[in-house]
Asker: 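Sharing a structure below in structure tokens format, with a few things to ask.
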Amino acid sequence: DTAVSQTPKYLVTQMGNDKSIKCEQNLGHDTMYWYKQDSKKFLKIMFSYNNKELIINETVPNRFSPKSPDKAHLNLHINSLELGDSAVYFCASSTRGELFFGEGSRLTVL
Amino acid sequence: DAKTTQPTSMDCAEGRAANLPCNHSTISGNEYVYWYRQIHSQGPQYIIHGLKNNETNEMASLIITEDRKSSTLILPHATLRDTAVYYCIVRVGGSGTYKYIFGTGTRLKVLA
């Protein structure tokens with residue numbers, strides 16, 4: 001039973017399209033995150049939510065809009081996709097200690 | 001705004017101890033050091049974390065210097081399956097607002 005699950009695992013789309021990635025955790029954690037991993041494997045935090053409230057927004061372009069319908073879900077919607085958005089996006093959750101990651105969603109923008 | 005620096009890559013012979021260093025000279029008093037690893041492009045996996053004292057679990061040991069400006073992750077008997085990118089992380093913020101800031105990672109290759 002996967003703790004942090006993301007869908008889709010792979011996403012290939014054209015520039016200018018809008019796409020969403022979904023994340024769900026069944027750990028009962030209060031805080032969820034989105035990280036972006038670029039081609040150089042650098043993991044950069046994008047957003048965090050605590051109990052559905054936005055806590056961290058790391059100067060991400062406003063084409064990226066996270067939404068947390070409840071504390072078990074954190075979705076990421078991306079408008080007007082650009083080539084530079086190609087990356088692996090990781091969802092994670094935590095309570096007060098360890099950060100649990102999903103398996104990632106690889107987005108390729110053509 | 002990475003708060004940690006790590007060597008880009010290291011090799012280790014199978015069965016030997018792998019010692020992975022990390023510098024975090026700007027760490028504040030209540031900020032924890034975490035270590036994660038990433039095998040291929042899977043989700044990063046937790047290894048260990050600590051604040052001041054040395055820590056040990058079934059996977060690894062974490063040695064933190066007394067001034068807390070650096071730490072070393074030790075895999076006591078490296079196996080081929082330990083080949084991965086190892087990330088040293090500083091956790092900043094308070095409860096509910098924690099931010100886990102990843103370093104650039106060390107690519108560890110365990111050699112047969």
Side-chain angles (χ1 to χ4, degrees), chain A residues 2-7 9-10 21 23-25 27 29-60 68 71 86-108, chain B residues 1-10 20 22 30-53 55 57-60 62 73 83-109:
Chain A
T2 306
V4 181
S5 58
Q6 301 178 223
T7 54
K9 198 171 168 114
Y10 299 97
I21 307 171
C23 179
E24 176 181 2
Q25 54 97 3
L27 298 166
H29 289 165
D30 295 328
T31 310
M32 295 184 72
Y33 301 80
W34 278 110
Y35 279 81
K36 178 181 179 181
Q37 186 169 45
D38 59 24
S39 57
K40 293 183 178 164
K41 303 296 185 185
F42 183 58
L43 270 155
K44 185 165 172 53
I45 188 168
M46 300 173 69
F47 302 102
S48 80
Y49 271 73
N50 182 260
N51 278 318
K52 304 192 296 177
E53 183 182 343
L54 178 66
I55 301 297
I56 296 171
N57 181 341
E58 285 287 296
T59 59
V60 177
S68 182
K71 75 173 194 178
S86 294
V88 181
Y89 291 85
F90 285 99
C91 177
S93 74
S94 76
T95 176
R96 279 189 294 276
E98 182 183 340
L99 195 59
F100 289 80
F101 281 88
E103 287 304 303
S105 297
R106 181 177 292 277
L107 171 66
T108 302
Chain B
D1 61 343
K3 292 194 74 166
T4 62
T5 54
Q6 302 175 250
T8 304
S9 63
M10 292 179 67
L20 292 94
C22 178
N30 62 347
E31 293 172 349
Y32 278 73
V33 176
Y34 281 71
W35 283 82
Y36 276 70
R37 73 180 183 185
Q38 187 176 30
I39 297 172
H40 299 301
S41 291
Q42 296 173 16
Q45 300 172 305
Y46 169 81
I47 301 173
I48 200 167
H49 74 282
L51 181 63
K52 296 180 191 175
N53 300 323
E55 302 288 344
N57 62 21
E58 64 279 1
M59 285 184 72
L62 175 60
L73 177 75
T83 292
V85 178
Y86 287 77
Y87 292 97
C88 176
I89 296 148
V90 170
R91 189 190 75 177
V92 305
S95 180
T97 66
Y98 289 132
K99 186 161 81 168
Y100 297 75
I101 303 174
F102 279 69
T104 50
T106 296
R107 186 173 296 276
L108 175 70
K109 190 171 181 182

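Here the structure is a predicted model, which means the values were calculated and not measured. Residue numbers begin at 1 in each chain, while the letters A, B, ... track the order of the sequences.
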Asker: With heavy-atom distances below 4.5 Å as the criterion, would you say the side chains of A:Leu43 and B:Tyr36 are in contact?
Answerer: no

Asker: Ignoring hydrogens, what is the shortest heavy-atom contact between B:Tyr100 and A:Tyr35? Give both atom names and the distance.
Answerer: O-OH, 2.6 Å

Asker: Counting only heavy atoms from other residues, nucleotides and ligands, does the tally under 6.0 Å from CD of A:Glu53 exceed 12?
Answerer: no

Asker: Which region of A:Leu99, side chain (C-beta onward) or backbone (N, CA, C, O), has a non-hydrogen atom less than 4.5 Å from a non-hydrogen atom of chain B, or is it both or neither?
Answerer: both

Asker: In sequence, state the C-alpha distance, the side-chain angles, and the governing distance for B:Phe102 and A:Gln37, and then conclude on side-chain contact (heavy atoms from CB on, under 4.5 Å).
Answerer: CA-CA 11 Å; B:Phe102 279 69; A:Gln37 186 169 45; over 6 Å; no

Asker: Report the residues that fulfil side-chain hydrogen bond (donor to acceptor under 3.5 Å, both in side chains) with B:Arg91, sequence neighbours left out, ordered by chain and then residue number.
Answerer: B:Tyr34, B:Tyr98

Asker: Can you see which heavy atom on A:Glu103 is nearest to which on B:Gly43, and at what distance?
Answerer: OE1-N, 3.6 Å

Asker: Looking at A:Gly102, A:Gly97, A:Gly104, A:Ala92, which has the largest count of heavy-atom pairs under 4.5 Å with chain B?
Answerer: A:Gly97

Asker: Please classify the contact between B:Thr97 and chain A as side chain, backbone, both or neither, with a heavy-atom cut-off of under 4.5 Å.
Answerer: both

Asker: Can you tell me which portion of B:Gln45 sits under 4.5 Å from chain A's heavy atoms? Options are side chain, backbone, both or neither.
Answerer: neither

Asker: Under 4.5 Å from any heavy atom of chain A, what part of B:Tyr87 do you find: side chain, backbone, both or neither?
Answerer: side chain

Asker: Would you kindly say whether B:Thr104 and A:Lys41 are connected by a side-chain donor-acceptor distance under 3.5 Å?
Answerer: no

Asker: Counting only heavy atoms closer than 4.5 Å, note whether A:Thr95 contacts chain B via side chain, backbone, both or neither.
Answerer: backbone

Asker: Going by the rule side-chain hydrogen bond (donor to acceptor under 3.5 Å, both in side chains), which residues pair with A:Tyr33 if we only count those two or more places apart in sequence or in a different chain?
Answerer: none

